[in-house]
Amino acid sequence: MIKVRQKQIDEDDFLAMRKDVLSLWPTGQEVDLDEAVEYQRNLPDSKKFYKVLQKVHEEGRTVLFPRSGTPIVEDEIELVRSLNDLGIPLIPFTTDSYTRNLQLDKAQRGLEDSIKAGRSMLNGYPIVNHGVLTTRKVVEACDGAFSPRSSRLANSLVGEVAFASGMTAMPNSFFGWIGGYDKKATVEECIDTAQYLGRLIGYYASKGVIITTDCHGWLPNGVIPMSVNIATQIIEALISAEQGVKSVMPQVNLQGSIAQDLGDIRVTPRLYRKYLDKLGHSDVMIPGIVGSQVPLYAFPRGMGSAFGYIVYTATVAALGQVDACFVKTIDEAIGIPTKESHIESYQAAKWVLDVVRTQEFEIDNEDIRQEESITEAEVTAILDKVLELGEGDIAVGAIRAVEAGVLDSPFSINIHAKDQVLGVRDLKGACRYIEFGNLPIPEEIKQFHRDKVAERENVEGRKMDYYVSIDDFWAISKGNLLGMPNFNNNNGRRGKD
Amino acid sequence: MIKVRQKQIDEDDFLAMRKDVLSLWPTGQEVDLDEAVEYQRNLPDSKKFYKVLQKVHEEGRTVLFPRSGTPIVEDEIELVRSLNDLGIPLIPFTTDSYTRNLQLDKAQRGLEDSIKAGRSMLNGYPIVNHGVLTTRKVVEACDGAFSPRSSRLANSLVGEVAFASGMTAMPNSFFGWIGGYDKKATVEECIDTAQYLGRLIGYYASKGVIITTDCHGWLPNGVIPMSVNIATQIIEALISAEQGVKSVMPQVNLQGSIAQDLGDIRVTPRLYRKYLDKLGHSDVMIPGIVGSQVPLYAFPRGMGSAFGYIVYTATVAALGQVDACFVKTIDEAIGIPTKESHIESYQAAKWVLDVVRTQEFEIDNEDIRQEESITEAEVTAILDKVLELGEGDIAVGAIRAVEAGVLDSPFSINIHAKDQVLGVRDLKGACRYIEFGNLPIPEEIKQFHRDKVAERENVEGRKMDYYVSIDDFWAISKGNLLGMPNFNNNNGRRGKD
Amino acid sequence: MKAKPTIITGTVGVDAHVIGTKIVSRALRDAGYAVVELGAQTPPEEFIKVAQETDADAMLMSSLYGMAEMDLQGFKEKCIEAGLEEVLLYIGGILGVSRHNFQDDEKRFKEMGFDRVYPPESDIQLAIQDLRGDLMSKRKFANLVMES
Amino acid sequence: MKAKPTIITGTVGVDAHVIGTKIVSRALRDAGYAVVELGAQTPPEEFIKVAQETDADAMLMSSLYGMAEMDLQGFKEKCIEAGLEEVLLYIGGILGVSRHNFQDDEKRFKEMGFDRVYPPESDIQLAIQDLRGDLMSKRKFANLVMES
Ligand code: B12
Ligand code: B12
């Protein structure tokens, strides 16, 4: 029996829930909501995420919005300053994996060990362990707007501490957890958690403090079109909006196909607007969009190729005139990047973002328009089906849709995902489905996918199956979009033995 | 009194001239023309420059055509092999500056010192000192087609040694010498020299061996439109064709403005064809074109920014679907690149070339078409004027045109250049003239330049003058297309003192 | 003697990187092994418990997030305590944080009792060959003719 | 005493990189100096000859192509022989081949007798300030109020 509903949490209930959340770790007591609202109110515009995005948008620029975090507070301050010095106005705040899984005692140990060893033993900043007072020092250390990253288990507590510390954005992306961060949670539990953060942001909003939510959607772990990802982003935006969130930032995952990426950049904010308006959230703003090097392809290991991939992605982002751009670093395939790698990587990306945006170059062609209309048709079909399944309630619909495989994506971590869909690239490098699972994609569009896949089958003389899907998954790291059967790792294809 | 004419050198005269050329250094005696023709005939297709270009063109790829050379032969072999191993089929062959200036005894000393010291004391490979037998070892060491670089004084001898060694392409770019390599030579002397190399290639052609000439045109030392560069490339092609050259490769200098670069990529081979046909050289083929990161802007010093510039240029080249692409290395602003820098740089460029070309992405818009038609109008006006000045003889016309400033380009090394033209970028980053000198550019097109320049004057509230031109010249190295008045080196602008 | 060797797979600790272990699991199945696929974020204790329950022959653990060393402190000892000293322990993925040498990782994990340690992006077919050899030399599968 | 100091500019040896020396020359002229601009590819001997002819006060030499050291072997000594020991010698550009330290270049060229050595991409206005100071301290121009 589904209990969750698309409905704002009652204020008293919410305040009661907060007590539980804040009692999870001693630093919870540092959070005083009224004082936090006051603190947020006094922040300069350069620390308000939506204001920064709006300004960047007006100026016609694309700024970097990287990822990074390190446990020791002095190091973190140095890191955010060095990012800010590079001209980066949107400052990421990656928390470590123990924190994200609410294993705060392990995070504590990792933090202490890190301090003792003088080097990081955690893969991010343990924000809860550091608490509000310490974290404010980081926020105040540079002139940028902060957005912390977490996952489901710690989402509520991380949000509480982060906003009280002066951070002004945070993902509230429950499909992200299903795709990549949470193995066992049910969709309902995920929505529950997201509603809490939405309600918290809504509370701030009711006091005039606008905090932005970035929606990541179902993390796309493989070579597939972004339709499910975009549809699930919009569901996340709707769930957040209902709780009072007033500012959402769409994310467009750049996959390497220029036509498909630019098509997605065009269609994503339009569809956000459409469904937000349709479901009564016309007052929710979209201050800007972020292009992300996120489809989770393995990254090239060689430095040159890694730079190639980073700069290329930034170029496409700039051609698409997105407001912010997330790229990885040249160390992505190796390990947590060094400070130098961060700087060199972002300098490369920044170089091209600035050079391309200056040109106000308009880019359009038949392929882009085609991808745009295909994505639009797919996302619309999926969302309409979800609403239908929920009988108008998007929360209920989302739960039923995952159950039914109406929302589905491959290689997800979550055990409730059907995992019946799969994709490969077509001859020009666009991502197409080879297995549709139960996705409610219109028949003529399925046929389009099949035709494109058949074209490649003809040219390469091999069946486009699971193994090709994995070949394609590795392709970018090997220097192309189309996978070859003989990449070094063989992709688990049955050998001769 | 101009003596040179657009007329093929008589075979006997030519053979007599050869004696003088070959007697300049003992290794000249290693060149036996008949044996060399035979050697060339037996080369595999992969060593024939035009065949490689044609193949690449058919396959729809863009390959790298770098620059590099090092004095010690074992090092050079290692270098060309490592380039070839990266999948580079067009192998450059940079000669050192002493060789280019025919100071062969200094080159000899530099070579011997290098061998003694075990590291290079020369900035290239002294091909004449090494001679045919040694250089054949380099050519045979890998599976690529070679093109040596020289400048005027050594051009004839370098050509003789290079072709006899199995190289199958060479620039014959006398305006390149005027722009960047030869201080005092008259245009007539330059044409004389180019006619020799053309005649030598023509001799090979008469025996069925096709050697390609790449035309660089007047080296563009600054922020200016490429019209004069393209016009002078075509003049070089015509001079070479008259001597019997059967294969020419246009070079499009990529300046960083996508619209302008793509416009130039479209228009350049078309104008080559037009003038080759018009002047009776329909049998000269254009096997492919090369996009070059050549406008001689100072390069970014930081590694990240340097990668940004390299990958960006390669991206534009691939979007323009050129056949070959020359990019610099991340060490460009620092010094002769290390082998590692070569490899990383080309790996980055190759990554993006392959990824972009796979997509067969068609790119077009109003801006590209506008740049295309402007370049076309300018080049046509210039070439028609040159022909008019020469009363139909392009060689005579070229000489008179430089004298009259009808052909002109800033910051040239040659003392015969007028140096009365200057340019800046417009608001979108395209290069425009601020001083037209005596260029025969049609009035309505001059007005277009003036309007674009005025737009930027209005926005920036400063006059677009010499100092801005220099600011713009440095801009790319500082991370944008438009120069700022406060770049660290101040550009010689008068300070407060 | 069992018909097929039983292999346990999964990522250890709270590591979320499930793609690799899914591919590894499918490759093992394709090669004829019985695979117990625990998926991502599997605590070390769960590996041990399931190994006992299924009488497993090997564990092919993955870890990419850089904290495997912390997660697997004393793991081999616990396996021995649980009577699993004969179970082969393989691990692969990215075993350290930041730029580092695989050789160091290998040494460390071998000292911790792992039989084989694989560098990032290893060819899983080669690992399956290793596995076959190791199982045969343990003579648990005297004549291991797998399907592949 | 001359009205204006006379400065000789140019790139040395067979160095073709003329852009920088053109900019340097214009900046000197803008700052009120008399400039004898020799342009690119100027042999060391020509610098000396012209300095004698024009009674020059300084030479601002450029070299980018990495072979300045070879080109300028014994240059200061030849200057002295030619009676030019008082002429200031400045050099700028890229003074070594491949990745290297500017500090090493500076040391080497100072040992070779250069008064000032400038790293790549130096601000020419700062160099002009140095020049003014050096000329004044040589007391050749007791009261050097330049136009700038
Ligand atoms: C995809 C990805 C993610 C996805 C995972 C999605 C999913 N459903 O799995 C998401 C976004 C969720 C994610 C999250 C995080 N990630 Co992550 N991620 C990656 C990425 C880009 C690719 C990993 C991958 O899937 N590779 C492809 C698969 C097929 O390869 P594989 O796992 O290596 O497996 C193959 C072989 O190694 C081998 N193999 C694997 N295991 C075994 C075992 C044995 C016994 C054998 C024989 C062989 C073998 O066979 C496999 C098939 O060929 C890597 C960077 C990279 N390599 O490019 C970072 C990376 C692994 N992530 C990293 C980090 C830090 C994180 C986060 C902590 C922070 C963050 N960015 O949010 C969180 C951690 C969450 C958590 N609790 O673990 C770091 C780890 C750093 C380190 N070790 O120093 C990396 C290296 C990126 C980086 N440089 O920062 N990540
Ligand atoms: C443009 C250029 C060319 C053009 C020159 C055109 C022309 N008309 O001048 C051309 C194509 C002809 C050319 C040729 C060659 N080049 Co070149 N070239 C460059 C490039 C890209 C820019 C140089 C430049 O103009 N900079 C801008 C000007 C304005 O700056 P600047 O000269 O440094 O001058 C400023 C300051 O330094 C200062 N300054 C300069 N001199 C002085 C002197 C004093 C006393 C003071 C106070 C200040 C001062 O003020 C100036 C104004 O701000 C550089 C790489 C780079 N830096 O990006 C390579 C570079 C200099 N070239 C190089 C080489 C090797 C060559 C060639 C040998 C090989 C080749 N590629 O063909 C030939 C050499 C020909 C020859 N005989 O010299 C190397 C030198 C390597 C080294 N030192 O280790 C470089 C570094 C590229 C590289 N990494 O390989 N080149």
Which heavy atom in [X] sits nearest to a heavy atom in [Y], and how many Å separate them?
X         : Y         : answer
Gly180(B) : Ala16(D)  : O-CB, 3.1 Å
Glu121(D) : Ala333(B) : OE2-CB, 4.4 Å
Phe411(B) : Ile23(D)  : CE2-CG1, 4.1 Å
Ile94(D)  : Ile334(B) : CG2-O, 3.5 Å

Kindly compute the distance separating [atom1] ([X]) from [atom2] ([Y]), expressed to the nearest 0.5 Å.
X         : Y         : atom1 : atom2 : result
Met70(D)  : Leu122(B) : CE    : CG    : 6.0 Å
Ile470(B) : Arg26(D)  : CD1   : CZ    : 8.0 Å
Lys183(B) : Thr11(D)  : NZ    : OG1   : 7.0 Å

Worksheet item: Do Lys22(D) side-chain atoms and Ser412(B) backbone N/O form a donor-acceptor pair below 3.5 Å?
Response: yes
What side-chain donor-acceptor pairs closer than 3.5 Å can you find for residues 109-121 of chain B, not counting sequence neighbours?
unit_1    : atom_1 : unit_2    : atom_2 : d
Glu112(B) : OE2    : Gln108(B) : NE2    : 2.8
Ser114(B) : OG     : Gly110(B) : O      : 2.6
Ser114(B) : OG     : Met121(B) : N      : 2.9

Discussion item. Counting only non-hydrogen atoms closer than 4.5 Å, does Arg100(B) touch chain D with its backbone (N, CA, C, O), its side chain (CB onward), both, or neither?
Written reply: neither
Response to the item:
Turns out that what part of Asn123(B) lies under 4.5 Å from chain D's heavy atoms comes down to both
Item to complete: Might you confirm whether atom NZ of Lys107(D) has over 12 heavy atoms from other residues, nucleotides or ligands at distances under 6.0 Å?
Response: no
Go through [options] and name the one with the most non-hydrogen pairs under 4.5 angstrom from chain D.
options                         : answer
Thr338(B), Asp331(B), Leu296(B) : Asp331(B)
Tyr181(B), Tyr98(B), Phe473(B)  : Tyr98(B)
Asn221(B), Ile336(B), Asp182(B) : Ile336(B)

Worksheet item: Relative to chain B, which of Leu126(D), Val24(D), Val18(D) shows the most heavy atom pairs under 4.5 Å?
Response: Val18(D)
Worksheet, complete the sentence: Among residues 414-422 of chain B, residues within the sub-4.5 Å heavy-atom range of chain D, in order of number, are Asp419(B)
Discussion item. Going by the rule ring pair (Phe, Tyr, Trp, His ring centres under 6.0 Å), which residues pair with Phe109(D) if we only count those two or more places apart in sequence or in a different chain?
Written reply: Phe114(D)
Fill in: Neighbourhood of chain B inside residues 38-49 of chain D, taking heavy atoms under 4.5 Å as contact
Leu38(D), Gly39(D), Ala40(D), Gln41(D), Thr42(D), Glu46(D)
